[in-house]
Amino acid sequence: MIRHPAVAGQFYSASAQKLAAEVARFTDATATRQPAIAVIAPHAGLMYSGPVAGAVFAQVAVPPTVILIGPNHTGLGPPISVYAEGTWLLPGGAVSIDASLTQDILAAYSPAEADTAAHRFEHCLEVEVPFLQHARPDVRLVPIVLGTTSQQICRELGACLARVVQAHTHGAEQPLLVASTDMNHYESDQVTRQKDHLAIQ
């Protein structure tokens, strides 16, 4: 299965050269990259979120596989949609899905479903990929879109991912979890800082 870009030319440049230059401009090449278990990164258009996303990914040593999780903006697909196999195309090239890890997740957590509908027009994961490609051109993805805000389901999925990642690693580099979110982007700075603090806690 090949997924074509949903928001190229809207959230970021459809030109491979312009996109690469934009990502490079937002990413500090002198930053020290360190291993991480998980990061949070924004998913607005790069003209808005690029500086923050670039600051995040410039400091992370991106491993061979990245698990991307974000909210379902379209309402399509099941509550927990895992893009199970294939390739994602972007202006900067193609990125493979880590089918071995997606199958392990699907086998370990029955509410998760193999699905492409929730991903077809979804932007929240797609806008992170150019930064991951910039950091590691051979990166593989495990894309997961959530159409639920149930705390119980999110906790169950998180616990499942922890178990699967530990079992899957076998001494190799542990996959990085990227939570793609815009956080609060419509209220005052004071309210936003309060909500951000709660999320960080």
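Not measured: the values here are computed from a predicted model.
The only member of L106, L101, I105 that meets side-chain contact (heavy atoms from CB on, under 4.5 Å) when paired with Q103 is L106.
A salt bridge (Lys or Arg N to Asp or Glu O under 4.0 Å) check over residues 119-146, counting only residues at least two apart or in different chains, returns the pairs R3-E126, D98-R140, R136-D138, R136-E173. Residue pairs meeting the salt bridge (Lys or Arg N to Asp or Glu O under 4.0 Å) criterion with at least one member in residues 4-16: none, sequence neighbours excluded.
Judged by distance alone, the side chain of S180 and the main-chain N or O of C124 form a donor-acceptor pair under 3.5 Å. Without hydrogens or angle criteria, R33 side chain to V60 main chain gives a donor-acceptor distance under 3.5 Å. Between the side chain of D104 and the backbone N or O of A108 there is no donor-acceptor pair closer than 3.5 Å.
Here the OG atom belonging to S100 is positioned 13.0 Å from the CD1 atom belonging to I97, to the nearest 0.5 angstrom. Atom-to-atom distance recorded for S188:OG and K195:NZ is 9.0 Å, nearest 0.5 angstrom. For the atom pair K18 NZ and E22 CD, the distance stands at 10.0 Å (nearest 0.5 Å). Between D182 atom CG and H43 atom NE2 the span is 3.5 Å, to the nearest 0.5 Å. Going from atom CG of L132 over to atom CG of L68 covers 6.0 Å, rounded to the nearest 0.5 Å. Once rounded to the nearest 0.5 Å, the distance linking OG1 of T87 with NE2 of H4 reads 10.0 Å.
The aromatic rings of F131 and F57 lie parallel to each other, their planes meeting at an angle below 30°, with 60° marking the opposite boundary. Using bins of under 30°, 30° to 60° and over 60° for the plane-to-plane angle, the ring pair H119/W88 lands in the perpendicular bin.
In this structure, the side chains of I144 and L161 come closer than 4.5 Å at one or more pairs of heavy atoms. No side-chain heavy atom of L125 sits under 4.5 Å from any side-chain heavy atom of Y83. Residues V165 and I67 form a side-chain contact, since some pair of their non-hydrogen atoms from C-beta on lies under 4.5 Å apart. Side chains of I80 and L146 form a contact here, defined as non-hydrogen atoms less than 4.5 Å apart. No side-chain heavy atom of L46 sits less than 4.5 Å from a side-chain heavy atom of F11. Using a 4.5 Å heavy-atom cutoff, the side chains of V56 and I40 are not in contact.
The salt bridge (Lys or Arg N to Asp or Glu O under 4.0 Å) search around R163 returns none, not counting sequence neighbours.
The hydrophobic cluster containing F26 also contains L19, counting ILVMFWY residues as joined when their side-chain heavy atoms lie under 4.5 angstrom apart, directly or transitively. L141 and V145 fall within a single hydrophobic cluster, where Ile, Leu, Val, Met, Phe, Trp and Tyr are joined by side-chain heavy atoms under 4.5 Å apart, directly or via other members. Linking ILVMFWY residues whenever their side-chain heavy atoms come closer than 4.5 Å, directly or via other members, leaves V127 and V142 in distinct clusters. Cluster annotation: V39 is not connected to L157 through the hydrophobic network of ILVMFWY side chains, with a link wherever side-chain heavy atoms come within less than 4.5 Å. Clustering ILVMFWY residues whenever any of their side-chain heavy atoms sit less than 4.5 angstrom apart, transitively, puts V62 in the very cluster that holds L90.
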query: So E85 and T102, side-chain contact (heavy atoms from CB on, under 4.5 Å) or not? Walk me through it.
result: CA-CA 8 Å; E85 59 183 357; T102 62; 5.7 Å; no

- request: Could you please spell out the steps behind the side-chain contact (heavy atoms from CB on, under 4.5 Å) verdict for Y109 and I153?
  value: CA-CA 10 Å; Y109 191 56; I153 290 176; 3.8 Å; yes

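The local environment of CG in L198 is crowded, with over 12 non-hydrogen atoms from other residues, nucleotides or ligands closer than 6.0 Å. More than 12 heavy atoms of other residues, nucleotides or ligands lie within 6.0 Å of CD in E187, so this atom counts as buried by the packing criterion. Atom CE of M1 has 12 or fewer heavy atoms from other residues, nucleotides or ligands within 6.0 Å.
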